[in-house]
Amino acid sequence: MQHAVLPPTPTGRGLTVERLSRFEDGADLSALVWRAGPGWRMVSSAVLGGGLGERLWVLNAQVHHGYRRVDPAEHLKELAAAAGLAGDGVGLMTAANVEAHTRADDGGVEAVVTAGIEVRGWAAAPAISATAGPRAFAPGTINVVAAVPVPLSDAALVNAVATAVEAKVQALVEAGLDCSGTPTDAICVASRVPRPGEEPHSFAGPRSLWGARLARAVHGAVLDAVT
């Protein structure tokens, strides 16, 4: 499996992504990589590196429609190793075309979004029958990666996830889509590690300084991705 690294997308700030390409499952596939480096704390719902802690990179890998592997975390580790990514990182998957990613920034907060919305719906949907059997892994179709250039407390990082998801739903509704997302959306929000003596921000709700900026950045990137 070979990866070709294209020039990074210029941002002038922290969230600079590279596009990697590979041939897999009979198709040319791509991935986006943010080599964040040290100094970032991330909270994520990702299948690899999810939870909360210091992370060095984020990999958003496109997979083939009809993905059949049942070990996505191991697959992402393989892709990360092939890309030269070492240490702890975050790995997301999507069947969407990651080359068509969108980005937005507001007051220093940046967001990068990949989106495919063929399989979408509302979060509060009818229950699935317990006799239906296990469902095969389905790659997430709306992946949001956002970077906040200041330190946030643990609670504020959780708050930031809620704010980003609210902004995503707002963008979907404004785009005329009757849904709150797809069943397998994933998110990663990064904030700076505090310097010695620096107090992390305690709030990241949509009416806080940094939460409002995060909401506008995510909203803009998602809206561009689905319209």
Side-chain angles (χ1 to χ4, degrees), residues 1-5 8 14-25 27 29-99 101 103 110-116 119 134-148 152 154 157-158 160-162 164-165 168 181-193 218 221:
M1 186 185 305
Q2 294 184 339
H3 292 257
V5 180
L15 213 173
T16 300
V17 296
E18 303 169 9
R19 181 170 67 84
L20 310 180
S21 61
R22 73 187 190 279
F23 186 79
E24 186 178 275
D25 292 333
L29 300 171
S30 297
L32 298 180
V33 175
W34 175 30
R35 302 179 192 269
W40 291 93
R41 297 175 69 242
M42 302 185 189
V43 59
S44 179
S45 63
V47 66
L48 175 66
L52 194 156
E54 294 191 31
R55 304 287 187 264
L56 299 173
W57 47 265
V58 179
L59 172 69
N60 186 7
Q62 178 188 7
V63 295
H64 197 272
H65 286 277
Y67 184 77
R68 289 291 179 267
R69 286 187 62 159
V70 295
D71 59 344
E74 289 302 316
H75 189 188
L76 284 164
K77 289 179 183 178
E78 295 168 8
L79 297 179
L85 300 172
D88 294 327
V90 171
L92 308 96
M93 282 185 168
T94 180
N97 176 14
V98 300
E99 294 183 47
H101 67 280
R103 61 184 310 125
E110 299 173 88
V112 173
V113 170
T114 58
V119 181
R135 299 179 65 188
F137 171 79
T141 53
I142 302 178
N143 286 342
V144 175
V145 178
V148 181
L152 300 176
D154 288 358
L157 274 169
V158 175
V161 170
V165 171
K168 178 194 74 172
T182 82
T184 48
D185 291 352
I187 189 167
C188 176
V189 178
S191 72
R192 289 287 185 182
V193 172
V218 171

The side-chain contact (heavy atoms from CB on, under 4.5 Å) partner of Lys77 among Asp71, Leu59, Leu48 is Leu48
Go through it in stages, so that I can follow the logic: the residues are Arg22 and Leu79, the test is side chain to side chain contact (heavy atoms under 4.5 Å, CB included), and I'd like the CA-CA distance, side-chain angles, deciding distance and then a yes or no.
CA-CA 9 Å; Arg22 73 187 190 279; Leu79 297 179; 3.5 Å; yes
Nearest heavy-atom pair of Ser45 and Ala186: which atoms, and what distance?
OG-CA, 3.4 Å
Intermediate values then yes/no, side chain to side chain contact (heavy atoms under 4.5 Å, CB included), Arg41 and Leu52:
CA-CA 7 Å; Arg41 297 175 69 242; Leu52 194 156; 3.1 Å; yes
Residue pair Ala111 / Ala221: nearest heavy atoms and the distance that separates them:
O-CB, 4.0 Å
Look at the side chain of Arg103 and the backbone N and O of Leu15, then say whether any donor-acceptor pair between them is shorter than 3.5 Å.
yes
Heavy-atom closest pair (Val90 atom, Gly49 atom, distance to 0.1 Å) is CG2-O, 3.6 Å
Any donor and acceptor pair, going by atom type alone, linking the side chain of Arg68 with main-chain N or O of Gly66 inside 3.5 Å?
yes
Taking atom OH of Tyr67 and atom CD of Glu24, what is their separation to the nearest 0.5 Å?
7.5 Å
Would Asn60 and Thr114 count as having a side-chain donor-acceptor pair, cut-off 3.5 Å?
yes
With side chain to side chain contact (heavy atoms under 4.5 Å, CB included) as the criterion, how do Asp185 and Thr141 come out once you've worked through the C-alpha distance, each side chain's angles and the decisive distance to 0.1 Å?
CA-CA 6 Å; Asp185 291 352; Thr141 53; 3.9 Å; yes
Can we say Glu78 and Arg69 salt-bridge, meaning some charged N sits less than 4.0 Å from an Asp/Glu carboxylate O?
yes
Approximate separation, where rounding is to 0.5 Å, of Thr94 OG1 and Leu29 CG:
11.0 Å
How far does CD of Gln62 sit from CG of Leu20, to the nearest 0.5 angstrom?
12.0 Å
Looking only at non-hydrogen atoms, find the nearest pair between Ala190 and Met42 and report the distance.
CB-CG, 3.6 Å
Hey, could you give me each pair passing ring pair (Phe, Tyr, Trp, His ring centres under 6.0 Å) that has a residue in residues 30-50? Not counting sequence neighbours.
Trp34-Trp40
Please report the shortest heavy-atom distance between Ile142 and Gly116, naming the atom on each side.
CG1-O, 4.1 Å
Any sub-3.5 Å donor-acceptor pair from Asp25's side-chain atoms to Ala27's backbone N or O?
no
Side chains of Glu54 and Asp88: does their closest heavy-atom pair fall under 4.5 Å?
no
Could you check if a side-chain atom of Val43 sits within less than 4.5 angstrom of a side-chain atom of Cys188, using non-hydrogen atoms only?
no
Determine the minimum heavy-atom distance between Leu85 and Arg35, stating which atoms define it.
CD2-NH1, 3.2 Å
